[in-house]
Amino acid sequence: MGFGTVSRGGSSRWPDQRLCTVEMGPPCHTSCLSRRKSSSSPKIKVDLDSSTGIAVMKFQSPPVNSLSLDFLTEFCISLEKLEMDRSCRGVVVTSALPKIFSAGLDIMEMYGKSPERCGEFWKAVQEMWLKLYGSNMVTIAAINGSSPAGGCLMALTCDYRIMAENPRYGIGLNETQLGIVAPFWFKDTMVNTVGHRTTELALELGLLYSAPDALRLAWWTSWCRRTRC
Ligand SMILES: CCCCCCCC/C=C\CC(=O)SCCNC(=O)CCNC(=O)[C@H](O)C(C)(C)COP(=O)(O)OP(=O)(O)OC[C@H]1O[C@@H](n2cnc3c(N)ncnc32)[C@H](O)[C@@H]1OP(=O)(O)O
């Protein structure tokens with residue numbers, strides 16, 4: 001897979017992001033296999049191939065990988081563990097569920113909860129964003145399903161995005177469609193990727209884009225024609 005230019009700053013483990021290529025070699029023999037490390041929490045599975053330095057983080061929280069407090073906590077712990085592993089240079093975040101990357105923030109976390117719990121939840125959302133945006137690993141979102149609102153934020157926070165082409169998959173900050181306002185830092189993250197004008201229109205109308213439409217608007221440099229990555 002080849003990846004093109006991005007606007008974010010460099011990564012200490014992969015200095016020239018603009019020309020980086022990720023190559024996954026076949027797991028050929030025993031010594032290769034022994035370099036694979038797996039860990040699994042209830043909602044997230046991580047496989048790290050120390051010989052390539054690439055980790056794959058798969059979301060496995062049915063029905064829709066919504067970003068609950070538990071999910072966000074597991075996500076941050078998994079990312080921290082990879083950060084501490086010097087053999088890991090890059091991480092691919094993707095979904096183990098068919099058709100859904102992530103449905104965004106868990107609506108049930110925002111309804112009928114105590115102020116303390118809401119505070120804890122909102123802090124976890126911010127932590128996820130800070131850790132992912134500030135990661136010194138190369139981060140790639142392999143978006144193999146729908147990715148509205150907070151799911152889109154997570155994808156936008158990565159260095160690179162690749163999305164499976166399927167007319168049923170949409171990505172965008174659609175909060176306006178839900179009658180809520182996307183927080184300013186959600187908006188800023190999108191501005192950093194696609195610019196002010198596109199973001200303004202997208203947020204005003206709460207648009208969800210297909211992979212080819214998003215490509216045209218410079219959300220990413222490639223998309224995948226298979227329905228599942
Ligand atoms: C502390 C307070 C802070 C407040 C600040 C808020 C500011 C931030 C604002 C927004 C950020 C967000 O991320 S809000 C969430 C936005 N998400 C969406 O709008 C997605 C809604 N979901 C969908 O569009 C669809 O479900 C889907 C395309 C993701 C999947 O469609 P599909 O047809 O495959 O599945 P279903 O629709 O039948 O759903 C299955 C199942 O999942 C439940 N579900 C869906 N989305 C969520 C969600 N975000 N949180 C929790 N649960 C969700 C849905 O209700 C179904 O449940 P049941 O089977 O029990 O009915």
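Because only heavy atoms are used, hydrogens play no part in the values below, and waters and symmetry mates are left out as well, while side chains stay in. Each ligand, and each atom within it, is numbered from 1 in the order the structure gives. For the single chain, residues carry numbers from 1 onward in sequence order. Predicted model only: the values in this text are computed from it and were never measured.
The Asn174 neighbourhood of ligand 1 comprises atoms 19 (O), with distances under 4.0 Å to a heavy atom of that residue. Close approach to Leu178 involves these atoms of ligand 1, each under 4.0 Å from a residue heavy atom: 16 (C), 19 (O). Distances below 4.0 Å separate heavy atoms of Gly104 from the following atoms of ligand 1: 13 (O). Atoms of ligand 1 lying under 4.0 Å from at least one heavy atom of Gly150, given by number and element, are 12 (C), 13 (O). Of all atoms in ligand 1, listed by their number and element, those nearer than 4.0 Å to a heavy atom of Ile180 are 9 (C), 10 (C). Less than 4.0 angstrom separates some heavy atom of Cys118 from each of these atoms of ligand 1: 1 (C).
Put simply, the side chain of Arg161 gets close to the backbone of Leu156: a donor and an acceptor are under 3.5 Å apart. Under a 3.5 Å cut-off, the side chain of Glu83 and the backbone N or O of Cys88 do not form any donor-acceptor pair. Between the side chain of Ser102 and the backbone N or O of Asn65, at least one donor-acceptor pair lies under 3.5 Å. Panel note: side chain Ser135, backbone Lys131; no donor-acceptor pair is recorded below 3.5 Å. When atom types are taken as modelled, the side chain of Ser95 and the backbone of Ile100 share a donor-acceptor pair closer than 3.5 angstrom. A donor-acceptor pair is defined here as one N or O able to donate and one able to accept, closer than 3.5 Å; such a pair exists between the side chain of Asn174 and the backbone of Ala149. One N or O on the side chain of Glu109 and one on the backbone of Leu69 form a donor-acceptor pair closer than 3.5 Å. Judged purely by atom type and a 3.5 angstrom limit, Asp106 has no side-chain atom pairing as donor or acceptor with the backbone of Ser66. The backbone N or O of Leu203 sits nowhere less than 3.5 Å from a side-chain atom of Glu175 that would complete a donor-acceptor pair. The main-chain N or O of Ser87 is never found under 3.5 Å from a side-chain atom of Ser50 such that the two would form a donor-acceptor pair.
Between Arg117 and Glu120 there is no salt bridge, since no side-chain N of the basic residue sits under 4.0 Å from a carboxylate O of the acidic one. Salt bridge status for Lys37 with Asp85: present, with a side-chain N to carboxylate O gap under 4.0 Å.
Closer than 4.0 Å to atom 56 (C) of ligand 1 lies none of the heavy atoms of the protein. Within the 4.0 Å cut-off (strictly below), no protein heavy atom is located near atom 32 (P) of ligand 1. Per-atom contact check: atom 45 (C) of ligand 1 touches the protein, criterion being a heavy-atom distance below 4.0 Å. There is a protein heavy atom closer than 4.0 angstrom to atom 9 (C) of ligand 1. For atom 24 (O) of ligand 1, the protein comes within 4.0 Å by no heavy atom at all. For atom 13 (O) of ligand 1, a protein heavy-atom neighbour is present inside the 4.0 Å cut-off. Distance check for atom 42 (O) of ligand 1: a protein heavy atom is found below 4.0 Å.
Contacts between Val64 and ligand 1, counted as non-hydrogen atom pairs separated by less than 4.0 Å, involve the side chain only. Only the side chain of Pro148 comes within 4.0 Å of ligand 1, counting heavy atoms alone; its backbone N, CA, C and O stay farther away.
Of all protein heavy atoms, the one lying nearest to atom 30 (C) of ligand 1 is Ile100 CD1, 3.3 Å. In this structure, the protein non-hydrogen atom closest to atom 51 (C) of ligand 1 is Asp106 OD1, 3.4 Å. Nearest protein heavy-atom neighbour of atom 6 (C) of ligand 1: Met110 SD, 3.9 Å. Given atom 3 (C) of ligand 1, the protein heavy atom at minimum distance is Trp122 CE3, 3.7 Å. In this structure, the protein non-hydrogen atom closest to atom 48 (C) of ligand 1 is Ile107 CG1, 3.6 Å. The shortest contact between atom 49 (N) of ligand 1 and any protein heavy atom is with Leu105 O, 3.0 Å.
Counting heavy-atom neighbours within 6.0 Å of Lys113 NZ, excluding the residue itself, gives a total above 12.
The shortest separation from a heavy atom of Glu175 to ligand 1 is under 4.0 Å, placing the residue in contact.
Within the 4.5 Å cutoff, the side chain of Met163 has no heavy atoms near those of the Phe101 side chain.
The residue from Ala103, Pro63, Ser68, Ser146 that puts a heavy atom closest to atom 18 (C) of ligand 1 is Ala103.
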